[in-house]
Amino acid sequence: MARITFIQPDGSENAVDAEPGMTVMEAAVKNSVRGIAAECGGACSCATCHVYVEEEWREATGEPEAMEEDMLDFAFDVRPESRLSCQIRVTDELDGLRVRIPEKQF
Amino acid sequence: MSVDVIKTDAVIIGAGPVGLFAVFELGLLDVKAHVIDILDRPGGQCAELYPEKPIYDIPAIPIVTGQQLTDQLMEQIEPFGAEYHFNERVDTIEKIEDGFRLVTDCGTQFECKVVVIAAGGGSFTPKRPPLPGIEAYEDTSVFYSVRKMDAFKDKDVLIVGGGDSALDWTLNLQPVAKSLTLVHRRSEFRAAPASVQKMMDLVDSGNISFKLGQVTTLHGDNGQLTGVTVKSPDGSTFEQPTDIMLPFFGLTMKLGPVANWGLNLEENLIPVDTAKFETSEKGIFAIGDINTYPGKLKLILSGFHEGALMAQAAHRIVYPDKKLIFQYTTSSSNLQKKLGVK
């Protein structure tokens, strides 16, 4: 089990428990976390599950693969710490992960 | 604009897998259909969002891509001679004496006895960048598609994005515009390599300019853009003067005009019964991802089932005097004749 904290643009936090093997997007949707639209349902096809990974977790979550980097072209306000949460697989090592939700998924 | 009214038994709104299979189920029962879709080709989400991605839960097909599924459905429904109207969006549905009248955004009019809404998540519309105040510039300085290239003659044009649409319009508008600038957040493009090369050549010859960055602020007034602020990858910002901005960030699904058709809605979904999949309006059915009922699952599989039951109910409306005899395609020579296999 890994505890994942989603930080809303207004600073409020939702901490949810995620099973290893599921994606960070699924953990958000399952727990009705605001701001993760996940329009395509996790196919890396829409860029509406965009998150910013907090600095101290960037190494553990890794860099986006080519397909994800392409899809980030369709996100807004993309930063070096941007990821699509449907492409981050939960592991025990990610227990404590903190990600920020952007102002808008578009 | 066509003034002729197209008369048919059924109009299916949405050419995704569920809308396409509805042609089959209706066709077996002699209900003729026209299919309308806002995209330029069949397949809906399967074709637009994940044409290359495998689907694993279609019965008896262990693995199929969105595009293959679409192609095979088109082949399967071919005998029923449905007519397709792509690049059109149904804007209004009105009850008339003997059914319904539908009008699209292109002015095409249909009169039919039943309407089948298979619109999935709604209609695909261009993504609008969440830039403050962008609405004020839309259709005067900010455009999400190009209808008339002449509108950009002698203008300073800014194109934002790195996909095929951004690249194609960069190449097409360069000879027309006074100046053209392409802004993209990185130096890689997810577009046809030939287009990228042509764009690079235009940059090298000084005919267009390419700048790395993301647009953060719009400047101008009274709907007339004068420029934008662009944030570079290193965090610094610069001003880019322009008359026109064309952002190309792909498509998103919006419920769109469905909300104005007078049907009961629950959280942007259309409630239906589970015997006929009929909406609150008799003769208007809703199948696939757009409907809701207790136990609803948004699966292609479920949409196919809904289409089969809907067709039985639609038949009773189109042929009120005919008794419907249930038949199997494996054994009925009548159905096999319709399928063109006998």
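So you know, we letter chains A, B, ... as the sequences are listed, proteins then strands, and number each from 1.
At distances below 3.5 Å, not a single donor-acceptor pair connects side-chain atoms of Gln105(A) with backbone N or O atoms of Ile36(A).
The greatest number of non-hydrogen atom pairs below 4.5 Å with chain A, out of Gln214(B), Lys231(B), Arg128(B), is found for Gln214(B). Listed options His184(B), Lys298(B), Gln45(B) were ranked by heavy-atom pairs under 4.5 angstrom with chain A; first place goes to His184(B).
A distance of 8.5 Å separates OH of Tyr137(B) from NE2 of His219(B), quoted to the nearest 0.5 Å. From Leu255(B), atom CG reaches atom CG of Leu265(B) across 6.5 Å, with rounding to the nearest 0.5 Å. A distance of 4.5 Å separates CG of Leu182(B) from OG1 of Thr170(B), quoted to the nearest 0.5 Å. From Ile244(B), atom CD1 reaches atom CG of Leu158(B) across 10.0 Å, with rounding to the nearest 0.5 Å.
Only one option out of Arg186(B), Arg190(B), Lys127(B) pairs with Asp73(A) in a salt bridge (charged side-chain N to carboxylate O under 4.0 Å, His left out); it is Arg186(B).
In this view, Val203(B) and Met199(B), Ile208(B), Phe210(B) satisfy the side-chain contact (heavy atoms from CB on, under 4.5 Å) rule, not counting sequence neighbours.
For Phe248(B), the part lying near chain A is the backbone, with the side chain staying farther off; criterion is any non-hydrogen pair under 4.5 Å. With a 4.5 angstrom heavy-atom cutoff, Ala75(A) touches chain B only via backbone atoms.
Enclosure of atom NZ in Lys296(B) by more than 12 non-hydrogen atoms of other residues, nucleotides or ligands within 6.0 angstrom is indicated.
Interface with chain B: from residues 52-71 of chain A, residues Met67(A), Glu69(A), Asp70(A), Met71(A) qualify, criterion being any non-hydrogen pair under 4.5 Å.
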